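The structure displayed is predicted, hence computed values, not measured ones. The sequence lines fix the lettering, A, B, ..., with proteins before strands; numbering per chain opens at 1.
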2 protein chains.
Amino acid sequence: MRPTVHDIAAEAGVSLATVDRVLNGRPGVRRQTVEKVETAVSRLGYVRDVMAANLARRRIYPLVFVIPAGPNSFMRVLEAEIAAAMGRSSVERTSIRIETVPPFDSGAIVRVLDALDPQSVSGVALVATDTEEVRIAVDRLIDQGVQVATLVSDLPGSRRVHFCGIDNIAAGRTAGNLIGRFCAGRPGKVLVVAGSLKLSDHMDRASGFAAVLKSEFPELEIIGPVETNDDADAVRSAVGAALDADPHIIAIYNLGAGNRGLIEAIAARKPRRPAVIAHEVTRHSRQALADGVFDAVINQDCGHEVRSAIRVLKAYADGLNPLSAQERIRIDVFLKDNLP
Amino acid sequence: MRPTVHDIAAEAGVSLATVDRVLNGRPGVRRQTVEKVETAVSRLGYVRDVMAANLARRRIYPLVFVIPAGPNSFMRVLEAEIAAAMGRSSVERTSIRIETVPPFDSGAIVRVLDALDPQSVSGVALVATDTEEVRIAVDRLIDQGVQVATLVSDLPGSRRVHFCGIDNIAAGRTAGNLIGRFCAGRPGKVLVVAGSLKLSDHMDRASGFAAVLKSEFPELEIIGPVETNDDADAVRSAVGAALDADPHIIAIYNLGAGNRGLIEAIAARKPRRPAVIAHEVTRHSRQALADGVFDAVINQDCGHEVRSAIRVLKAYADGLNPLSAQERIRIDVFLKDNLP
DNA sequence: GGATTTCTGATTTACGTACCTCAAATATTG
DNA sequence: CAATATTTGAGGTACGTAAATCAGAAATCC
């Protein structure tokens, strides 16, 4: 049987009320007594029954998700996953709010973060733009006792408790390795398309990709990265222009969004068939895989990311450590055959 | 606020005791009254607070995992994951027992299943051998009210509530697609190595692989599948013999265990460098990826499988439906760059 | 030494559900 | 209609914790 607060009280020779004060960090207990209780806790291996505790304190976890607005389908899928989590909130004892901000606008993120009431929010998950002002706003929230996790794009140097996303350098390397093998020794050029190199995730993918090509596939030469601000139309014209200008392009790596534009650009140049790798399974990329327009899609499971963010924020709010293996987001590689 | 049993009682115009009898399927309630309560439940959207319920009934979930013994490293990793889950059992309110049985021995599985006391076991997860006697034993357990889930290898035709594993046909197709692209149009032969075609997962992988090669890469000819009973030494000699006998083998797909033997066979024939795809990330396959001996490894996350099995069995034991997106096991594709 | 202040104990109520008992109401049977 | 069986109500205790109150004990101050 696992020990209860009663056992702790008996073991420490104090009353239940005192144990409660120590466990919940309330004042009014002498240092000596605190230690007695703490040794009893560790001797008996007591762990608070979170369910009973939540029941007793009628706890709910007020969480806020800060994500970019706009047409980016990945972000819209992310939003849908958050909405799905909101549907489970009564069971999971959460109360989730979504705040959308204009994409690539760190000022807007800062304003949202600063407007939060630290008393009534226990955790925040945000898709971060990697700028100093966001970093500062995040650290300020943390100082106010709010748990902050980054989602999809990390904020290195901040004190966020967790990053719910993939290792984007490794993702870029994976794309490089696949492109290299798909080209199978044939020399040529690889067009790299990015959204914005101000996003740390895009930057990381580009550098991982370049590193692998340089060291393992020197016969492939990189063109780009071309920046498109994740706009499908910009992707279409950029890719189209590049393909028309250079017949030696035998592969394309789109490490950002705007897959629709990429698909259109390739479709308009039918007979050519470059090896194509893109990111994120969406309606468009799924179709492109099925049609043989994309060869592989690298994906992060945003359902997993959202659920993980919720679990992690709840755990930290309770002073617990999340299960790291469960919270690691995989770099999924999808061919048309293993699409979920 | 979510509704409680009290709200249901008030809404249905009956007493708390009656609501309790209906919700927990206890006798002594007129059909009419049952219906009154049930309409109140659905009108208010009542869902039982599982935490409070578990607290009240001091519930623990006694679960049994039935897995093969023997040196198969994947199974040993699986066992380690189960052991890790046992370490969390006080928090998760589970009581987990592991039963190991000789591999490929359906009689032994049946004996273990038959020996279970359905009163004191709420769920069973088993790595099934696909035979009629196992199917019958599983269905018998289910009739006795025990929740049964299959793990890693499914038992089609049985009434198991859930399969915690991957779609192995799709996994085989994925391997075929990758091998085909890695060979990039070069004609040649592909050696397929299997453990036992009596395992439905191995059979499925083989057929998925063959289907893709036939339809999309007709320039590749399949040799095998060679059966090795998942024994590394058998794999080594079989692969070695095949490579020596046929210089046209340009790729190898090992869809079963025994990767150590595969690595040894290839290492002994240094200058040749076939494209190699294997299954499951283990110590050996991880090293082989890093060394460039394997090109890709297809993996199922067995930590995920174990955690999922536990969640699913608990959910069904409570009469709830698990979250399907969360419980879907991915077909992971690992190159050396995206290894976890 | 008395008045404070600080600490501690004892006790109670509550969370939402399970499960038990006992009595009362209603339905069924002979 | 009485006797019985079935159904329902009312109320309680328990699970493990949180949080509150109130009274007493101990330490500190002047």
Under 3.5 Å donor-acceptor pairs involving side-chain atoms of residues 304-320 of chain A, not counting sequence neighbours:
residue	atom	partner	partner atom	Å
A:His304	NE2	A:Gln326	O	3.0
A:Ser308	OG	A:Glu327	OE1	2.6
A:Arg311	NE	A:Glu327	OE1	3.4
A:Arg311	NE	A:Glu327	OE2	2.9
A:Arg311	NH1	B:Gln326	OE1	2.9
A:Arg311	NH2	A:Glu327	OE1	3.0
A:Lys314	NZ	A:Glu92	O	2.7
A:Asp318	OD1	A:Arg59	NH1	3.1
A:Asp318	OD1	A:Tyr61	OH	3.2
A:Asp318	OD2	A:Tyr61	OH	2.6

Under 4.0 Å protein heavy-atom contacts per nucleotide of nucleotides 8-18 of chain C, with B for base, S for backbone only and - for none: BBB----BBBS

Non-neighbouring partners of B:Asp49 that pass side chain to side chain donor-acceptor pair (under 3.5 Å), sequence neighbours left out: A:Arg93

Any side-chain donor near an acceptor of the partner, B:Asn24 and B:Arg48, under 3.5 Å: yes

Partner set under side chain to side chain contact (heavy atoms under 4.5 Å, CB included) for B:Asp130, not counting sequence neighbours: B:Arg135, B:Leu155, B:Pro156, B:Ser200

side-chain hydrogen bond (donor to acceptor under 3.5 Å, both in side chains) contacts touching residues 29-43 of chain B (sequence neighbours left out): B:Glu11-B:Arg43

Partners passing side chain to side chain donor-acceptor pair (under 3.5 Å) against B:Thr94 (at least two apart in sequence or in another chain): none

Along DNA chain D, first and last positions that approach a heavy atom of chain B under 4.0 Å: D:dT7 to D:dG16

Of all pairs that satisfy salt bridge (Lys or Arg N to Asp or Glu O under 4.0 Å), the ones with a partner from residues 107-121 of chain B, not counting sequence neighbours: B:Asp114-B:Arg140

Which residues share a side chain to side chain donor-acceptor pair (under 3.5 Å) with A:Arg26, sequence neighbours left out: A:Asp20

Between the first and last five pairs of the helix from C:dG1-D:dC30 to C:dG30-D:dC1, the angle of the axes, rounded to 10 degrees: 30°

Salt bridge (Lys or Arg N to Asp or Glu O under 4.0 Å) contacts touching residues 143-154 of chain A (sequence neighbours left out): A:Asp143-A:Arg159, A:Asp154-A:Arg160

Contacts of type side chain to side chain donor-acceptor pair (under 3.5 Å), residue B:Ser90, not counting sequence neighbours: none

